[in-house]
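From a predicted model like this one, the values you see are computed outputs, not experimental measurements.
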There are 2 protein chains.
Amino acid sequence: MNDATHPSLLLDQQLCFALYAASRSMTAAYRPLLDELGLTYPQYLTMLVLWEQDGLTVRELGQRLQLDSGTLTPLLKRLQQAALISRERRRSDEREVEICLTPEGRALREPAKAVPACMASRLCLSHEDMQRLRDELKQLAAQLSPPQAWLPPRTQT
Amino acid sequence: MNDATHPSLLLDQQLCFALYAASRSMTAAYRPLLDELGLTYPQYLTMLVLWEQDGLTVRELGQRLQLDSGTLTPLLKRLQQAALISRERRRSDEREVEICLTPEGRALREPAKAVPACMASRLCLSHEDMQRLRDELKQLAAQLSPPQAWLPPRTQT
DNA sequence: CAAAATTAAATTGTGTACAATTCAATTTTT
DNA sequence: AAAAATTGAATTGTACACAATTTAATTTTG
């Protein structure tokens, strides 16, 4: 009764499920560390971006994290409530909301520095294997969501 | 000002973010296909399990998908509303709820057979590379959530 | 066997994700 | 410059995730 013209529908054969399960395991593994910092996992990723570059707009943060305003707006409101960031309309363009770290938000970077090392030790992967896996996942994501590469480059109307 | 005793806090260096982004890209890539079937991504995974083995309990489904009743109960209610499954207390143990496919649920397997092939063609990965990546992700997840292996085996109180 | 402990689902509450819509500000067209 | 189109956030509504609690059924203990 097997139909060899189709790949398997078995759960354990699916790359998508392995990815989904691994991603949730990773989030769960971060949770106790991030609890110490008072951050959720997406909030931590957001702080990583802001520690790199302060004063981004919601749109720029969204591009970096690949999240839209529907996700970011409430998340950023919570970071603001936690006094880690400020949200202010730009004078130059009142549509844009600029996100800036508060002193507390900037200070949180210090204890956060221990997080990547702590996780790395849990992974039992060499730095090289870690990099390779990371880059394979980036390529996979790029393959799945080519940045509208197929859209014609507006030759004419 | 770099502190070489710590791994990087840069977003693009993080395996966790690559995993998180890839997982969401994968879900997004499945969405148009699953819309045709009237399923969400977690609902599709649930159906994969049931097409393999019908009549599982909520607990058994949860073990397979690594999801708890807080997630599964409402998801299964929606599958029941869509007339794809039935939910019934077991006579043998009234605590357990048995999930069975309806004829419609079983029939949905046919159009679903096209889904893995369609996704595979999007990935531009050889079957071997796909398997390797999948197995690396499984190992990563296993490493991150060892089934309480470190808990002492209850030697004494 | 009755009380205590355990188990399986369901419920409650918080926090994402994301499509679709709304609203206000800005830019482009006419 | 006024109308039309576009843009950036916010809002609305649906669907997960998951911790914590509750409830009911079953099993274990004393």
Toward the 5' end of DNA chain C, by each residue's nearest nucleotide, A/Thr40 or B/Asp93: B/Asp93
Determine: side-chain N/O of A/Thr57 to OP1/OP2 of D/dA9, distance under 4.0 Å, yes or no. yes
Select base, sugar-phosphate, or nothing to describe what B/Leu72 touches, counting heavy atoms under 4.0 Å on all strands. nothing
Taken to the nearest whole Å, CG/B/Leu34 to P/D/dA15 is 14 Å
Which part of the nucleic acid, if any, lies within contact of A/Arg31, taking any heavy atom under 4.0 Å across all strands shown: a base, the sugar-phosphate backbone alone, or nothing? sugar-phosphate
Please classify the nucleic acid contact of B/Thr27 as base, sugar-phosphate, or nothing, using heavy-atom distances under 4.0 Å. nothing
What is the distance from CG of B/Leu39 to C1' of D/dA15, rounded to the nearest Å? 13 Å
Please pick, from C/dT16, D/dA17, D/dA10, the nucleotide with the shortest atom-to-atom distance to any side-chain atom of A/Thr71. C/dT16
OP1 or OP2 of D/dA9 less than 4.0 angstrom from a side-chain nitrogen or oxygen of A/Arg89, does that happen here? no
Does the side chain of A/Arg87 get closer than 4.0 angstrom to OP1 or OP2 of D/dA9 through an N or O atom? no
Between CZ of A/Arg90 and P of D/dT7 the distance, given in whole Å, is 17 Å
Round to the nearest Å and state the distance from B/Gln80 atom CD to D/dA15 atom C1'. 17 Å
Please check the phosphate of C/dT11 (OP1 and OP2 only) for any side-chain N or O of B/Thr73 closer than 4.0 Å. no
To the nearest Å, how far apart are A/Leu79 CG and C/dG15 C1'? 12 Å
Measure the distance from CG on A/Leu67 to P on D/dG8 and round it to the nearest whole Å. 17 Å
Can you find a side chain N or O atom of A/Arg24 that sits less than 4.0 Å from OP1 or OP2 on D/dC18? yes
Would you indicate whether the side-chain heavy atoms of B/Arg109 and B/Arg106 approach each other to under 4.5 Å? no
Closest to side chain of A/Gln43, choosing from C/dG15, D/dA19, C/dT11: C/dG15
Using atom CG of A/Leu56 as one end and atom C1' of D/dA9 as the other, report the distance to the nearest whole Å. 16 Å
Taking OP1 and OP2 of C/dT7, is either one under 4.0 Å from a side-chain nitrogen or oxygen of B/Arg59? no
Which one, C/dA8, C/dT16, C/dC18, comes nearest to the side chain of B/Arg95? C/dA8
Ranking D/dA25, D/dA17, C/dA8 by distance to the side chain of B/Glu94, first place goes to D/dA25
Any side-chain N or O of B/Lys77 below 4.0 angstrom from OP1/OP2 of C/dA9? no
Could you check which of D/dA15, C/dT26, C/dT16 has an atom nearest any side-chain atom of A/Pro42? C/dT16
Measuring from the side chain of A/Tyr20 (C-beta onward, heavy atoms only), which nucleotide among D/dA9, D/dA17, C/dA17 has the closest atom? D/dA17
N/O donor-acceptor pair, side chain A/Ser69 with base D/dA10, under 3.5 angstrom: yes
With the side chain counted from C-beta on, respond yes when B/Leu125 and A/Leu140 share a heavy-atom pair under 4.5 Å apart, and no when they do not. yes
